[in-house]
Trainee: 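Sharing a structure, written as structure tokens. Questions coming.
Note that these values count all heavy atoms, side chains included, but never hydrogens, waters or copies made by symmetry. Keep in mind it's a predicted model, so treat the numbers as computed, not measured. Start at 1 and go down the list; that is how both ligands and their atoms are numbered.
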Amino acid sequence: MQRIFLIGFMGSGKSTLGRQLAEKLNYTFLETDQLVEQNVGLKITEIFEKFGEDYFRKKEHDILIQLQLVHNCIIATGGGMPCYFNNMELLNELGTTIWLEVDELTLVDRLKNETSERPLLQQSQNLHQRIHELLDQRKKFYDGSKYVINNPTVEKILEVL
Ligand code: S3P
């Protein structure tokens, strides 16, 4: 009944590496963003626009609680999930948490053409500054993960499992 949670900032590779990892381990791959979208019936950007961030965070929390029902899964979590409610504690109770730590400049490079899909980055005049601020607030939560992998690759993740 293994559950492996990939934790980390937007653009840290949770979905890409999660898919590859699931294939190698013969696990199911899930993304909390996608589960929230399915639950609400709207895209993340539309949920933020129509109902606001608090509503999204509540839905994200509800989805996390339901994940106790799934087994043998790799789960890519939304970048903000560990930072709200008691989510980080819950994540550690439900499975193995792995923080995919990627440096700020790499994140800026990966995210610079994708800000329209990410409500928290949409209005930032200075993307690097915005990422820096968010990371500064979030690192203490991400740091509660069981494992931290810097510049993650599938091989590095497999080594700790
Ligand atoms: C968010 C990250 C996004 C998504 C939403 C909010 C965040 O997920 O949950 O836009 O607060 O960092 P990804 O990390 O998969 O991009």
Trainee: Measure the distance from atom 10 (O) of ligand 1 to every protein heavy atom, then report the residue, atom name and distance (to 0.1 Å) of the closest one.
Mentor: P119 CD, 3.5 Å
Trainee: Considering heavy atoms of the protein only, find what lies nearest to atom 14 (O) of ligand 1 and give residue, atom and distance to 0.1 Å.
Mentor: K14 NZ, 2.5 Å
Trainee: Taking 4.0 angstrom as the limit and counting only heavy atoms of I44, give me the atoms of ligand 1 inside it, by number and element.
Mentor: 5 (C), 10 (O)
Trainee: So, using ring pair (Phe, Tyr, Trp, His ring centres under 6.0 Å) as the criterion, who are the partners of F56 when residues are at least two apart?
Mentor: F48
Trainee: Using heavy atoms and a 4.0 Å limit, tell me yes or no: is R138 in contact with ligand 1?
Mentor: yes
Trainee: For ligand 1, find out whether one of its N or O atoms is nearer than 3.5 Å to an N or O atom of G78.
Mentor: no
Trainee: By number and element, which atoms of ligand 1 are closer than 4.0 Å to a non-hydrogen atom of L120?
Mentor: 7 (C), 11 (O)
Trainee: Counting both backbone and side chain atoms, is some N or O of R118 under 3.5 Å from an N or O of ligand 1?
Mentor: yes
Trainee: So between K43, E31, R57, M81, whose heavy atom ends up nearest atom 6 (C) of ligand 1?
Mentor: R57
Trainee: Give me the ring orientation class for H128 and H132: parallel if the planes are under 30° apart, tilted from 30 to 60°, perpendicular past 60°.
Mentor: perpendicular
Trainee: Scan side-chain atoms only and decide if N72 and Q2 contain a donor-acceptor pair under the 3.5 Å cut-off.
Mentor: no
Trainee: How long is the gap from CE on M81 to CD on E60, to the nearest 0.5 Å?
Mentor: 4.5 Å
Trainee: What pairs with D62 under salt bridge (charged side-chain N to carboxylate O under 4.0 Å, His left out), at least two apart in sequence or on another chain?
Mentor: K58
Trainee: Tell me: protein heavy atom nearest atom 3 (C) of ligand 1, and distance?
Mentor: D33 OD2, 3.6 Å
Trainee: Determine whether a donor-acceptor pair (N or O, by modelled atom type, separation under 3.5 Å) exists between the side chain of K14 and the backbone of T77.
Mentor: yes
Trainee: Any atoms of ligand 1 less than 4.0 Å from a non-hydrogen atom of F56? List them with their elements.
Mentor: 9 (O)
Trainee: With the threshold set at 4.0 Å, does a side-chain nitrogen-carboxylate oxygen contact exist between K112 and D109?
Mentor: yes
